[in-house]
*Asks:* 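Got a structure for you, questions after.
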Amino acid sequence: MNGTRTHNRKKIVTVFSVIFLGMMVLAGRLVYLMVFRSEYYSAKAEDLHQRERDIKAARGKILDINGKVLASNRSVCTISVIHSQIKDAERVIKVLAEELDMDEETVRKRVEKYSAIERIKSNVAKEIGDKIREHKLEGVKVDEDYKRYYVYDSLASKVLGFTGADNQGIIGLEVKYDEQLMGTNGQILTLTDAKGVEIADAGESRLNPVDGNNLRTSLDYNIQMYAQQAAEKAMQAKEADSVSVIIMKPSNGEVMAMVNLPEFNLNEPYELPKGSSYANQEEKQNLLNQMWRNGCINDTYEPGSTFKVITASAALEAGVVSLNDNFFCPGYKIVEDRRIRCARTSGHGPESFVQGLENSCNPVFIELGMRLGVDQYYKYFKQFGLLAKTGIDLPGEARTIMHEKKNIGQVELATISFGQSFQVTPVQMAATISSLINGGKRVTPHFGVQIEDQEGNVIEKFDYEPTTQILSEKTSLTMRSLLEKVVSEGGGNKAYIEGYQIGGKTATSQTLPRSAHRYIASFMCFAPADDPQVLCLIIINNPSGVYYGGTIAAPVAKELFLNILPYLGIERDMTAVEQEDQTQTDDTESTGTE
């Protein structure tokens, strides 16, 4: 009996010891949490009762070279609801549906959804957001936001690009310089109780946003307008599929204008042209991608006779031709088993090298290609930068589509020499010819000039100064002189302007398949010829009727230069004009005509 009691006492003591030990452990843990970890758990508790809402940063502006704003922002609002704070759901649903012009059932689903915060609609006009605020709806939040705004709608649309719903760049300069333009969002932090209701007297803390920086570009609003208007006029007159124009500074590669007609409205970038049809979302997206495509850099084409500038430069530099060399054109040239004709099928007859360039004579340039040979010609392709991308600061640049060296036979060599059987981008042609006529230094075409803060202070200046000498200054000088004669005396005469020295080269090429009889008319020109300050490349794709570059593209260049050259402060040589007028007067008097 005594033994049993003793055993029971031991059990009771053991149980109490275990309980006491457990209580001591719990007490120790409680002291640790309350004293040593209090700060950590207080922060965790606060986090559980904090609600975050973004304050959108204003995206930096895109400016032209003179500081004119091309892309900016408009204040809009984002309307959201906090379910736990709504006291009159029916009123909230009714008011939001009316003010936001939304279906009531759609609004109801979002209002009744159990979530910390539910967005009803974004990109709401500020005046509508203000009207919703006036209703003082409990549980409804109206937060300031920004929507990208393009001041001139379609101006340089495929260069500037646009942003998505999250204000991030999608195409063009907007995506290329997204990091510098986007800024850093701020936050609003509000305290709530355990049910998610904001605590009235707790206030809110704000982390202010940091606005993005501005991008100053080489685009010139006035020159872009001149180019776009001239291109629209040409496209309508010739019922062309598209027209592209590049206007560049040959000295450093700054692009002053780039037109890709048809352009699109940057403020409505998802709106397809009238008459567009598609069966599904995938087809629609393909149409949008095509609409956004920048043909000057994303697409390639056969350059035709403008490429003769490159062949002539290589031949002069290599010493395989001189200005006094003579040729004979019967209207064709036999290469292996091919009869390759000249544009003038009756032939030019005997002509000098200079006349061959003025006449854009295919047999002369086939002969130059043969004199250079595959190895030497291919060396100049690389030296001139034709086999690499230009490095322009826009996404999606295409590469030259050229025969591999091992696959270039005599026929391929012949067709390459006058600009056929391979393809380049328009921007590659503009950059390469700029490099050949500027004294021989390879330029990188570009738009970005510098990054500025909101006060206009320069944060970063981009360096694109040409450093690689790809052609001797002597050959460059000779090419400028020869190309001036093409305009003043040769096939580019429709771009001639009294008092200006303009150099240029016409081109007419065919698209594949040849049987479709679709042509590309183009013209490259620069001025002044003795000191090039502006270069222009015009490409008219699939014009109706007459399709020769010298006939339909050269006059567009003349119209452009009549506007651009005086705008840039490049004055006419009035002495030359007076002399030419006097010559014409003398001719009229001697012939007795009016």
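Everything numeric here is computed off the predicted structure, so don't read it as measured data.
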*Asks:* Take atom CD in E179; do more than 12 heavy atoms of anything else shown fall under 6.0 Å from it?
*Replies:* no
*Asks:* By ring-ring contact (aromatic ring centres under 6.0 Å, His included), which residues pair with F418, not counting sequence neighbours?
*Replies:* none
*Asks:* Can you tell me how far apart OG1 (T478) and CZ (R480) are? Round to the nearest 0.5 Å.
*Replies:* 9.0 Å
*Asks:* With no hydrogens and no angle check, do the side chains of S509 and Q420 hold a donor and an acceptor under 3.5 Å apart?
*Replies:* no
*Asks:* Give a yes or no answer on whether the side chain of N214 reaches the backbone of G60 with a donor-acceptor pair at less than 3.5 Å.
*Replies:* no
*Asks:* Check step by step if side-chain contact (heavy atoms from CB on, under 4.5 Å) holds for L261 and S242.
*Replies:* CA-CA 5 Å; L261 290 186; S242 63; 5.7 Å; no
*Asks:* Please give me the minimum heavy-atom distance between D325 and V320, naming the atom from each residue.
*Replies:* OD2-O, 4.2 Å
*Asks:* Which distance, rounded to the nearest 0.5 Å, do you find between the OH of Y152 and the CD of Q228?
*Replies:* 12.5 Å
*Asks:* Going by heavy atoms in the side chains, are Y496 and I502 under 4.5 Å from each other?
*Replies:* no
*Asks:* Does the side chain of Y150 come within less than 4.5 Å of T163's, by heavy atoms?
*Replies:* yes
*Asks:* Is there a side-chain contact between T400 and Q423, using heavy atoms and a 4.5 Å cut-off?
*Replies:* no
*Asks:* Going by atom types alone, do Y149 and N267 pair a side-chain donor with an acceptor below 3.5 Å?
*Replies:* no
*Asks:* Looking at side-chain heavy atoms only, is the closest gap between P528 and I570 below 4.5 Å?
*Replies:* yes
*Asks:* Ring centres under 6.0 Å, that's the criterion: do F447 and F462 meet it?
*Replies:* no
*Asks:* Say you draw a straight line from CG of N359 to SG of C342; how long is it, rounded to the nearest 0.5 Å?
*Replies:* 8.0 Å
*Asks:* In sequence, state the C-alpha distance, the side-chain angles, and the governing distance for M225 and L155, and then conclude on side-chain contact (heavy atoms from CB on, under 4.5 Å).
*Replies:* CA-CA 7 Å; M225 282 292 290; L155 190 78; 3.5 Å; yes
*Asks:* Give a yes or no answer on whether the side chain of Q236 reaches the backbone of K233 with a donor-acceptor pair at less than 3.5 Å.
*Replies:* no
*Asks:* Do any N or O atoms from the side chain of S313 and from the backbone of V309 form a donor-acceptor pair under 3.5 angstrom?
*Replies:* yes
*Asks:* What's the separation between atom CD in Q224 and atom CE in M256, rounded to the nearest 0.5 Å?
*Replies:* 11.5 Å
*Asks:* Taking all non-hydrogen atoms of both residues into account, name the closest pair between I247 and C536 and its distance.
*Replies:* CG1-SG, 4.1 Å
*Asks:* For S157, is there any backbone N or O sitting under 3.5 Å from a side-chain donor or acceptor partner on E263?
*Replies:* yes
*Asks:* With the side chain counted from C-beta on, respond yes when L483 and F526 share a heavy-atom pair under 4.5 Å apart, and no when they do not.
*Replies:* yes
*Asks:* Ignoring hydrogens and angles, tell me if any N or O in the side chain of T306 forms a donor-acceptor pair with the backbone of P303 under 3.5 Å.
*Replies:* yes
*Asks:* Quick one: CG on N66 to CD1 on I223, what's the gap to the nearest 0.5 Å?
*Replies:* 8.5 Å
*Asks:* Do we get R341 above Y332's six-membered ring, with its NZ or CZ under 6.0 Å from the centre and within 45° of the axis?
*Replies:* no
*Asks:* Can a donor-acceptor pair be found, under 3.5 Å and without considering hydrogens, that links the side chain of S417 to the backbone of A414?
*Replies:* yes
*Asks:* Is it the case that atom CD in Q469 sees more than 12 heavy atoms from other parts of the structure closer than 6.0 Å?
*Replies:* yes
*Asks:* Where do T506 and S305 come nearest, in terms of heavy atoms and distance?
*Replies:* O-CB, 3.2 Å
*Asks:* For the residue pair F365 and F353, does the interplanar ring angle fall in the parallel (under 30°), tilted (30 to 60°) or perpendicular (over 60°) class?
*Replies:* tilted
*Asks:* Is there a salt bridge (charged side-chain N to carboxylate O under 4.0 Å, His left out) between R514 and E302? Walk through the geometry before answering.
*Replies:* CA-CA 12 Å; R514 308 288 188 203; E302 272 194 2; 2.8 Å; yes
*Asks:* Quick check on the 6.0 Å ring-centre criterion: do F307 and F422 meet it?
*Replies:* yes
*Asks:* Do Y500 and F561 have side chains that get closer than 4.5 Å, going by heavy atoms?
*Replies:* no
*Asks:* Considering only NZ, NE, NH1 and NH2 on the basic side and carboxylate oxygens on the acidic side, decide whether E452 and R216 come within less than 4.0 Å.
*Replies:* yes
*Asks:* Where the side chain of S434 meets the backbone of A430, is there a donor-acceptor pair that is under 3.5 Å apart?
*Replies:* yes
*Asks:* Using a 6.0 Å cut-off, check whether atom OH of Y548 has over 12 heavy atoms from anything other than its own residue.
*Replies:* no
*Asks:* Parallel under 30°, tilted from 30 to 60°, perpendicular over 60°: which one fits the rings of Y519 and Y547?
*Replies:* parallel
*Asks:* Please step through side-chain contact (heavy atoms from CB on, under 4.5 Å) for the pair L368 and V321, ending with a clear verdict.
*Replies:* CA-CA 7 Å; L368 295 185; V321 70; 3.7 Å; yes
*Asks:* Quick check: does any side chain N or O of Q355 sit under 3.5 Å from a backbone N or O of S352, one acting as donor and the other as acceptor?
*Replies:* yes
*Asks:* Could you list the residues that satisfy side chain to side chain contact (heavy atoms under 4.5 Å, CB included) with N457, not counting sequence neighbours?
*Replies:* D453, E455
*Asks:* So L436 and I470, do their side chains get closer than 4.5 Å, heavy atoms only?
*Replies:* yes
*Asks:* Might you point out which heavy atoms bring E254 and S218 nearest each other, and give the distance in Å?
*Replies:* CB-CB, 3.7 Å
*Asks:* Are Y378 and I408 side-chain neighbours, meaning at least one heavy-atom pair lies under 4.5 Å?
*Replies:* yes
*Asks:* Which atom pair, heavy atoms only, marks the closest approach of L215 to G448?
*Replies:* CD1-CA, 4.2 Å
*Asks:* Quick one: are the ring centres of Y380 and Y377 less than 6.0 Å apart?
*Replies:* no
*Asks:* Would the number of heavy atoms belonging to other residues, nucleotides or ligands and lying under 6.0 Å from NZ of K333 be above 12?
*Replies:* yes
*Asks:* Closest approach of I539 and S522, non-hydrogen atoms and distance?
*Replies:* CG1-CB, 4.0 Å
*Asks:* Could you verify whether a donor N or O on one side chain and an acceptor N or O on the other, from K308 and S360, lie under 3.5 Å apart?
*Replies:* yes
*Asks:* Report yes or no: does N294 contribute a side-chain atom to a donor-acceptor pair with the main-chain N or O of N298 at less than 3.5 Å?
*Replies:* no
*Asks:* State plainly whether the residues D299 and R293 are in salt-bridge range, i.e. N to O under 4.0 Å.
*Replies:* yes
*Asks:* Would you call E367 and R371 a salt bridge, using N to O less than 4.0 angstrom?
*Replies:* yes
*Asks:* Is it the case that R399 and T425 place a side-chain donor and acceptor less than 3.5 Å from each other?
*Replies:* no
*Asks:* Run the side-chain contact (heavy atoms from CB on, under 4.5 Å) check on F381 and I416 step by step: do they pass?
*Replies:* CA-CA 11 Å; F381 293 160; I416 289 170; 3.5 Å; yes
*Asks:* For the pair E174 and R148, find out whether any cationic side-chain nitrogen is under 4.0 Å from an anionic carboxylate oxygen.
*Replies:* yes
*Asks:* So, are D375 and K405 salt-bridged, with charged N and O less than 4.0 Å apart?
*Replies:* yes
*Asks:* Can you tell me how far apart CG (L266) and OG (S154) are? Round to the nearest 0.5 Å.
*Replies:* 7.5 Å
*Asks:* Only one of V546, V556, N542 forms a side-chain contact (heavy atoms from CB on, under 4.5 Å) with K238, so which one is it?
*Replies:* V546
*Asks:* Only counting residues at least two apart or in another chain, list the ones meeting salt bridge (Lys or Arg N to Asp or Glu O under 4.0 Å) with R518.
*Replies:* D241
*Asks:* Count the heavy atoms belonging to other residues, nucleotides or ligands that lie under 6.0 Å from NZ of K389, then report whether that count exceeds 12.
*Replies:* yes
*Asks:* Does a sphere of radius 6.0 Å around NZ in K441 hold more than 12 heavy atoms from other residues, nucleotides or ligands, not counting ones at 6.0 Å or beyond?
*Replies:* no
